[in-house]
**Q** 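Below are the structure tokens for one structure; questions will follow.
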Amino acid sequence: MSPAESAELPQWDGAAGSPGLTVAEAVAVQDRLRPRADLVGPGPRRPATVAGLDVAYAPDGDLLAAAVTVLDTATLTVVDHAVSVGRPAFGYVPGLFAFRELPALLAALDRLTVRPELLVCDGHGLAHPRRFGLACHLGVVTGLPAIGVGKTPLVGTWTGPGPRRGDTAELVDAGEVVGRVLRTRDGVKPVFVSVGHRMGLDNAVAQVLASTPRYRLPETTRTADRLCRETLAAATGPARATG
DNA sequence: GCGACAG
DNA sequence: ATCTTGTCGC
């Protein structure tokens with residue numbers, strides 16, 4: 001990467017380890033934004049496009065690359081994409097993920113030329129200790145329908161689901177249904193689906209199934225994951241010759 | 001008080 | 001998230 005490009009890397013307040021917000025302030029922000037999340041939807045039943053978002057971190061944790069891919073739902077092929085490179089905006093605090101990744105994700109979203117009809121986030125939405133995970137935050141901030149698809153649980157308990165693709169179990173936390181545990185492939189570890197914004201849980205599960213024709217994770221997540229890793233590699237490895 | 005804890 | 005050897009299977 002050229003010096004000119006490096007100079008344009010987005011820089012957000014607070015380098016890693018010195019966040020611009022305190023934990024208490026971040027929690028207060030979540031409490032203030034939570035009422036603005038639409039958890040009912042139902043959201044578009046047949047969206048034409050769906051976006052995947054993901055972030056990759058450099059080994060030292062000082063640099064990150066965010067990627068957004070927009071897929072045509074009919075073919076599940078990428079029709080648009082964008083990336084951003086920067087520093088984590090907050091330390092790693094389970095429950096405060098958005099403050100770490102959201103700035104970079106928003107920067108990438110801003111560079112899209114196609115406005116996706118749904119955001120599929122790598123992480124949770126409602127299935128969060130304060131019911132305001134990354135997917136809720138991203139949805140509220142962008143105004144777009146958003147759902148969370150987590151690979152591991154953050155909160156909640158469940159029983160099942162059955163062993164076949166499409167089998168589900170309720171994800172329950174403190175007596176509330178906060179999401180659904182969904183088997184996307186026969187005999188493979190399930191994923192955790194929760195509502196983010198402007199989409200109901202039934203539809204969220206349907207959208208995830210529609211985007212997992214072959215692997216455990218949605219094509220949205222897979223394409224975004226690949227893109228952010230490639231972007232990070234390009235921003236890190238090769239371009240350090242003269243040193 | 002102690003452990004667990006999205007990415 | 002990232003690191004990392006080996007192993008099972010299409």
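Every chain is numbered from 1 and lettered A, B, ... according to where its sequence line falls, protein lines coming before strand lines.
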**Q** Extract the stems that DNA chain B is part of, considering only consecutive pairing runs of at least three Watson-Crick or G-U wobble pairs, both distances under 3.5 Å.
**A** none
**Q** Look at A:Arg226 together with A:Asp54 and state whether they make a salt bridge at an N to O cut-off of under 4.0 Å.
**A** no
**Q** What are the two closest heavy atoms between A:Asp38 and A:Val40, and how far apart are they?
**A** OD1-N, 2.9 Å
**Q** Would you please indicate yes or no on a ring centroid separation below 6.0 angstrom for A:Phe99 and A:His137?
**A** yes
**Q** Tell me, with the steps shown, if A:Leu53 and A:Leu109 meet side chain to side chain contact (heavy atoms under 4.5 Å, CB included).
**A** CA-CA 9 Å; A:Leu53 305 91; A:Leu109 279 169; 4.0 Å; yes
**Q** Where along residues 163-198 of chain A does a heavy atom come under 4.0 Å from DNA chain B, residue by residue in number order?
**A** none
**Q** Just by protein heavy atoms under 4.0 Å, how would nucleotides 4-10 of chain C read 5' to 3' in B, S and -?
**A** -------
**Q** Please report the C-alpha distance between A:Thr49 and A:Arg115 in whole Å, then the side-chain angles of each, then the deciding distance to 0.1 Å, and finally whether the side chain to side chain contact (heavy atoms under 4.5 Å, CB included) criterion is met.
**A** CA-CA 8 Å; A:Thr49 57; A:Arg115 190 157 188 76; over 6 Å; no
**Q** Please lay out, stage by stage, how A:Gln30 and A:Leu96 fare under the test side chain to side chain contact (heavy atoms under 4.5 Å, CB included).
**A** CA-CA 9 Å; A:Gln30 292 182 327; A:Leu96 297 177; 3.6 Å; yes
**Q** Tell me whether A:Arg130 at atom CZ has more than 12 heavy atoms from other residues, nucleotides or ligands lying less than 6.0 Å away.
**A** yes
**Q** Measure CG/A:Leu232 against P/C:dT2 and give the value in whole Å, please.
**A** 8 Å
**Q** Let me confirm one number: the CZ-CZ distance from A:Arg87 to A:Arg100, rounded to the nearest 0.5 Å.
**A** 11.0 Å
**Q** If you take all heavy atoms of A:Ala108 and A:Val68, which pair is closest and at what distance?
**A** CB-CG2, 3.7 Å
**Q** Tell me, which stems hold DNA chain C, with a stem being 3 or more Watson-Crick or G-U pairs in a row and both distances under 3.5 Å?
**A** none
**Q** Considering only residues two or more places apart or on different chains, which pairs with a residue in residues 152-172 of chain A satisfy salt bridge (Lys or Arg N to Asp or Glu O under 4.0 Å)?
**A** A:Arg164-A:Asp186
**Q** Run A:Val55 and A:Asp122 through side chain to side chain contact (heavy atoms under 4.5 Å, CB included) and show every step you take.
**A** CA-CA 8 Å; A:Val55 172; A:Asp122 201 20; over 6 Å; no
**Q** Could you walk me through whether A:Thr223 and A:Thr69 satisfy the side chain to side chain donor-acceptor pair (under 3.5 Å) test, starting with their C-alpha distance in whole Å, then the side-chain angles of each, then the deciding distance to 0.1 Å, before giving a yes or no?
**A** CA-CA 7 Å; A:Thr223 53; A:Thr69 53; 2.8 Å; yes
**Q** Which parts of nucleotides 2-7 of chain B does protein reach within less than 4.0 Å, heavy atoms only, written one letter per nucleotide 5' to 3' as B for base, S for sugar-phosphate only and - for none?
**A** ---SBB
**Q** Among A:Val120, A:Thr212, A:Leu118, exactly one meets side chain to side chain contact (heavy atoms under 4.5 Å, CB included) together with A:Thr220. Which residue is that?
**A** A:Val120
**Q** Say you draw a straight line from OG of A:Ser194 to CG of A:Leu171; how long is it, rounded to the nearest 0.5 Å?
**A** 7.5 Å
**Q** Enter the distance from A:Leu227:CG to A:Arg222:CZ here, rounded to the nearest 0.5 Å.
**A** 14.0 Å
